Asker: 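Just dropping this structure here.
Since we're looking at a predicted model, the values are computed, not measured. First listed ligand is number 1; within each ligand, the first listed atom is number 1. Index from 1, following the sequence.
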Amino acid sequence: MQKHSTLGEYIIRNQKQFKYSSGELSRLINSIRLAAKVVNHEVNKAGLVDILGNAGDTNIQGEDQQKLDVYANDVFMQTLTNRQIVCGIASEEEDDFVTISGNNGANSNKYVVLIDPLDGSSNIDVNVSVGTIFSVYRRITKAGTPVQLEDFLQKGNKQVAAGYIVYGTSTLLVYTTGHGVNGFTLNPAIGTFYLSHPNMKFPKNGTIYSINEGNYIHFPQGVKDYLKFCQEEKENRPYSARYIGSLVSDFHRNMIKGGIYMYPTSTKAPKGKLRLLYECNPIAFLTEQAGGVASDGYRRILDIKPLELHQRVPIFCGSKNMVEKAIKFMEKYPKDAEY
Ligand code: AHM
Ligand code: MG
């Protein structure tokens, strides 16, 4: 029987694929792996919060209880900072980016990380899967100087790595460094991630569509028409509607089974809801690496020039043929908003 490789072994074995600063990137993925285990442990205990105390309370050891998304943010921030691996971090939980200075002030690290530490955190109360999403870039300003906003506002096509952790029925870390997508499942008994999903690929066609259809009335006409197409009785349709409301879980299922995830603009959210830099770009990079398509309905997500840290964009991503079909419906109408 062939032994499954661990994430640690996999990182070392594939280090050479990476054309620059491979050691530094490997250490970075290793740190994310460590932080993921810590957050996983805490997420698993979420149901006990009511017994042990709510956010704002003090627990039995006298430590302040934190909301899980704040906790996850602290864990990822601290792990990446303490290990002196990156020169800057931007997070959904922080208004501005954070500059990491080195031990002697200067920091020669070359990478910045953008992260949504706990996406879908409103699902925690009802025991539904949540996730962490991360995106990594090489800085463009000079190493050794403090990072600047421009290091974070790079197009998604400049990402050197991206991935997510899904804290679900089992916990998986899925990532890409531009050489395909691989998924690793955590064995919680020994705290080790094993390669369980090598070379993940979106099926070209799928039969699942994922969207918050309760907003139907507020969607652009192109989306409404596409939804009617999904529900039509023809060929392999109607498709199945599956929407967890937790991006990472919806995306993960669709990548395995074949499907399309959509969060379009609406009259309620004229720019969409999801954030370009730490939700849509990493998801788009993974999508393309897995053979799928990621678009805002008119443009490739990875080609959008970011204008601000917490910018929102609409997204359609998943199985190639399904997303291309949705784009055809969108293109029949002019873009309804500037974003
Ligand atoms: P969050 O970053 O505030 O958790 O919001 C992102 C989440 C996604 O995980 C999910 O796909 C989406 O919001 C669901 O939004 P809605 O409830 O509007 O359908
Ligand atoms: Mg989020």
Asker: Checking the N or O distance criterion of under 3.5 Å, is ligand 1 in contact with Leu118?
Answerer: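 Checking ligand 1 against Leu118, no N or O pair falls under 3.5 Å apart.
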Asker: Main chain of Arg242, side chain of Ser210: is a donor-acceptor contact present, judged purely on distance under 3.5 Å?
Answerer: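 It does hold such a pair.
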Asker: Pick, from Glu213, Met262, Lys273, Lys268, the option with the minimum heavy-atom distance to atom 12 (C) of ligand 1.
Answerer: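 Minimum heavy-atom distance to atom 12 (C) of ligand 1 goes to Lys273.
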Asker: List the closest protein heavy-atom neighbour of atom 14 (C) of ligand 1: residue, atom name, distance to the nearest 0.1 Å.
Answerer: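 Nearest neighbour among protein heavy atoms for atom 14 (C) of ligand 1, to 0.1 Å: Tyr243 OH, 3.2 Å.
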Asker: How far is atom 6 (C) of ligand 1 from its nearest protein heavy atom, and which residue and atom is that?
Answerer: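 Result for atom 6 (C) of ligand 1: Asp119 OD1, 3.2 Å.
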Asker: Should Glu279 be listed as contacting ligand 1, given a heavy-atom distance under 4.0 Å as the test?
Answerer: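 Within the 4.0 Å threshold, so yes.
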Asker: Give the minimum heavy-atom separation between Tyr167 and Leu118, together with the two atoms involved.
Answerer: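 So the minimum-distance heavy-atom pair works out to CE1-CD1, 3.9 Å.
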Asker: Please work out which of the three classes, parallel, tilted or perpendicular, describes the rings of Tyr164 and His252, given edges at 30° and 60°.
Answerer: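 Because their plane-to-plane angle is over 60°, the rings of His252 and Tyr164 count as perpendicular.
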Asker: At under 4.0 Å between heavy atoms, which part of Asn215 makes contact with ligand 1: side chain, backbone, both or neither?
Answerer: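 Neither; no heavy atom under 4.0 Å.
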Asker: What protein heavy atom sits nearest atom 18 (O) of ligand 1, and how far away is it?
Answerer: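 Of the protein heavy atoms, Tyr263 OH, 2.5 Å lies nearest.
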Asker: With the Mg ion (ligand 2) at the centre, find the angle made by OD1 from Asp119 and OE1 from Glu92, to 10°.
Answerer: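 Value, to the nearest 10 degrees: 160°.
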Asker: For atom 10 (C) of ligand 1, grab the closest protein heavy atom and report residue, atom and distance to one decimal in Å.
Answerer: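 So the nearest neighbour among protein heavy atoms is Gly245 O, 3.4 Å.
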Asker: When you measure from the Mg ion (ligand 2) to each N, O or S atom of Glu279, which atom gives the shortest distance?
Answerer: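 It is OE2 of Glu279.
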Asker: What are the two closest non-hydrogen atoms of Leu34 and Arg83, and how far apart are they?
Answerer: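 Smallest interatomic distance, heavy atoms only, reads CD2-NH2, 3.4 Å.
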Asker: Hey, what do you get for OG1 (Thr177) to CD (Gln15), rounding to the nearest 0.5 Å?
Answerer: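 With rounding to 0.5 Å, OG1 (Thr177) is 11.0 Å from CD (Gln15).
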Asker: Would you call the rings of Tyr239 and Tyr209 parallel, tilted or perpendicular, taking 30° and 60° as the class edges?
Answerer: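 The rings of Tyr239 and Tyr209 sit tilted, inter-plane angle from 30° to 60°.
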Asker: Looking only at N, O or S atoms, find the one in Asp116 nearest to the Mg ion (ligand 2) and name it.
Answerer: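 Result: OD2.
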Asker: Report yes if Gly120 has an N/O atom closer than 3.5 Å to an N/O atom of ligand 1; otherwise report no.
Answerer: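 Between Gly120 and ligand 1, an N or O pair is found under 3.5 Å apart.
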Asker: With no hydrogens and no angle check, just 3.5 Å: does a side-chain donor-acceptor pair link Asn30 and Arg27?
Answerer: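 Their side chains do not contain a donor-acceptor pair, so the 3.5 Å distance test is not met.
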Asker: Keeping the roles fixed (side chain from Asn109, backbone from Tyr111), state whether a donor-acceptor pair exists under 3.5 Å.
Answerer: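 No, Asn109 side chain to Tyr111 backbone: no donor-acceptor pair under 3.5 Å.
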Asker: I'd like to know if Arg13 pairs up with Glu9 as an ion pair, taking the criterion as any Lys NZ or Arg NE/NH1/NH2 lying under 4.0 Å from an Asp or Glu carboxylate oxygen.
Answerer: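 No.
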Asker: Under a 4.0 Å heavy-atom limit, does Leu247 contact ligand 1 with its side chain, its backbone, both, or neither?
Answerer: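 Leu247 to ligand 1: contacts from backbone and side chain alike.
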Asker: Give the atom numbers and elements of ligand 1 that come within less than 4.0 Å of a heavy atom of Asp116.
Answerer: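 Counting atoms of ligand 1 from 1, those under 4.0 Å from Asp116 are 2 (O).
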Asker: Which heavy atom of the protein is the closest neighbour of atom 3 (O) of ligand 1, given with residue, atom name and distance?
Answerer: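 The closest one turns out to be Glu92 OE2, 3.8 Å.
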Asker: Which is it for Tyr261 and ligand 1 at heavy atoms under 4.0 Å: side chain, backbone, both or neither?
Answerer: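 For Tyr261, only side-chain atoms sit under 4.0 Å from ligand 1.
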Asker: Hey, is the main chain of Gly258 close enough, under 3.5 Å, to the side chain of Asn205 for a donor-acceptor pair?
Answerer: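 No, Asn205 side chain to Gly258 backbone: no donor-acceptor pair under 3.5 Å.
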Asker: Tell me whether Val98 is reachable from Tyr71 by hopping between hydrophobic residues (I, L, V, M, F, W, Y) whose side-chain heavy atoms are closer than 4.5 Å.
Answerer: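 In one cluster with Tyr71: Val98, yes.
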Asker: Under a 4.0 angstrom heavy-atom cut-off, which atoms of ligand 1 come close to Ser246?
Answerer: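 So the atoms of ligand 1 that pass are 9 (O).
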